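Reading through the structure tokens given below for one structure.
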Amino acid sequence: MPEPARAPRSQVPREAPAAPKETSLTLERGLNLLQAVADAEGSAPTISDLAHAAGVSRAAVYRLLGPLQSRGLVRREGTRVRLGLGVLWLAGRVLPQLRFASLPALRGLAERVGATAHLTVADGGDAQAVAVVEPSWTSCHVSYRVGTRHPVQRGAAGRAVDLPAGGPRWVAAGGEPHAGTSGVAAPVRGVPGLRASVGVLSLEPLPADEIGPLVFDTAQAVADALR
């Protein structure tokens with residue numbers, strides 16, 4: 001008995017997948033290039049400057065700049081390269097993501113302590129509240145608005161941002177940055193490029209020895225959620 005006819009194989013050539021190592025190396029070089037543009041002080045770097053910083057040829061720099069330019073992350077002015085407005089769009093997406101990732105841990109802290117919990121991020125010399133959760137069961141508590149700013153040297157939240165590793169795990173402060181309040185805060189560590197803290201604010205004095213470990217654990221939970 002003759003064998004049944006087999007369906008012809010597709011003649012459409014398949015594109016070979018890019019080698020993972022090659023793709024990773026190209027991505028790393030592109031990121032190095034973007035970092036070199038961002039790190040430049042004074043005048044914008046030239047193509048030659050970027051080639052030296054990224055450890056690639058000038059021709060490679062031109063190739064790597066193409067995708068970055070198409071996404072608005074860099075712009076060329078002759079032979080010089082500056083950051084593009086696309087970076088601002090990316091930056092604008094950071095705070096909503098920080099807020100979304102931190103809210104579950106902050107909510108748990110606020111409910112347990114009975115105080116207003118917050119995530120504060122350092123922005124230059126200022127500390128800015130980017131996420132706030134108020135407790136649901138207290139008769140009165142601190143009303144703390146997202147976007148509130150104060151000098152980073154004031155208040156537990158600001159001081160906790162730059163606590164050195166191996167030093168105190170949390171900071172307590174009274175009457176700062178707002179009169180009549182008490183605060184405890186701990187740094188969020190292990191998230192590259194982020195200077196932040198988790199803290200609580202209360203109208204009543206907070207026992208730092210009891211609240212500090214809870215705030216510290218919440219800061220770790222927030223860091224885990226952001227990684």
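This one's a predicted model, so the numbers in the text were calculated from it and none came from an experiment. Numbering of residues begins at 1 and proceeds along the displayed sequence. Side-chain atoms are counted along with the backbone in the values below, which use heavy atoms only and exclude waters and symmetry mates.
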Side chains of L34 and L83: does their closest heavy-atom pair fall under 4.5 Å? yes

Test side chain to side chain contact (heavy atoms under 4.5 Å, CB included) on V81 and I47 and set out the steps. CA-CA 7 Å; V81 182; I47 298 297; 4.0 Å; yes

Is it the case that T148 and Q128 place a side-chain donor and acceptor less than 3.5 Å from each other? no

Audit row: E176, R159, side chain to side chain contact (heavy atoms under 4.5 Å, CB included) steps and yes/no: CA-CA 11 Å; E176 293 184 0; R159 295 176 186 173; 2.7 Å; yes

From CA spacing to verdict: side chain to side chain contact (heavy atoms under 4.5 Å, CB included), S143, E134: CA-CA 7 Å; S143 179; E134 298 176 2; 3.8 Å; yes

Just so I know, are the side chains of T26 and L64 near enough to count as touching, which here means a heavy-atom distance under 4.5 Å? yes

Should the pair R195-D123 be classified as a salt bridge under the 4.0 Å nitrogen-to-oxygen rule? no

Between V74 and L65, is there a side-chain heavy-atom distance shorter than 4.5 Å? yes

Under 3.5 Å, is there a donor-acceptor pair between the side chain of R99 and the main chain of V130? yes

Between T181 and H178, a side-chain donor and acceptor under 3.5 Å: no

Taking the side chain as C-beta and beyond, is there a heavy-atom pair between V94 and L98 under 4.5 Å? yes

Heavy-atom side-chain contact between V132 and R145 under 4.5 Å: no

dist L90:CG -> R71:CZ (nearest 0.5 Å) comes out at 10.5 Å

Considering all heavy atoms of both residues, which atom of A223 and which atom of V188 are nearest to each other, and what is their separation? CB-CG1, 3.8 Å

What is the distance from atom OG of S136 to atom NE2 of H141, rounded to the nearest 0.5 Å? 9.0 Å

Side-chain heavy atoms nearer than 4.5 Å, only ILVMFWY residues, links allowed to pass through others: does that put V121 and W170 together? yes

Any side-chain heavy atom of V200 within less than 4.5 Å of one from T116? no

Measuring from atom CD of E111 to atom CG of L106, what distance do you get when rounded to the nearest 0.5 angstrom? 11.5 Å

Is a donor on one side and an acceptor on the other found under 3.5 Å between the side chain of D224 and the backbone of A221? no

Spatial distance of atom OG (S197) from atom CG (L119) [nearest 0.5 Å]: 7.0 Å

Could you check whether any side-chain heavy atom of V152 comes within less than 4.5 Å of a side-chain heavy atom of D126, counting everything from C-beta outward? no

Rounded distance (nearest 0.5 Å) linking atom CD of E204 with atom SG of C140: 7.0 Å

Derivation and outcome, side chain to side chain contact (heavy atoms under 4.5 Å, CB included), residues V215 and T218: CA-CA 5 Å; V215 173; T218 304; 5.7 Å; no

Checking the side chain of S182 only, and the main-chain atoms of L206 only, is there a donor and an acceptor separated by less than 3.5 Å? yes

Hey, what do you get for CZ (R189) to CZ (F216), rounding to the nearest 0.5 Å? 7.0 Å

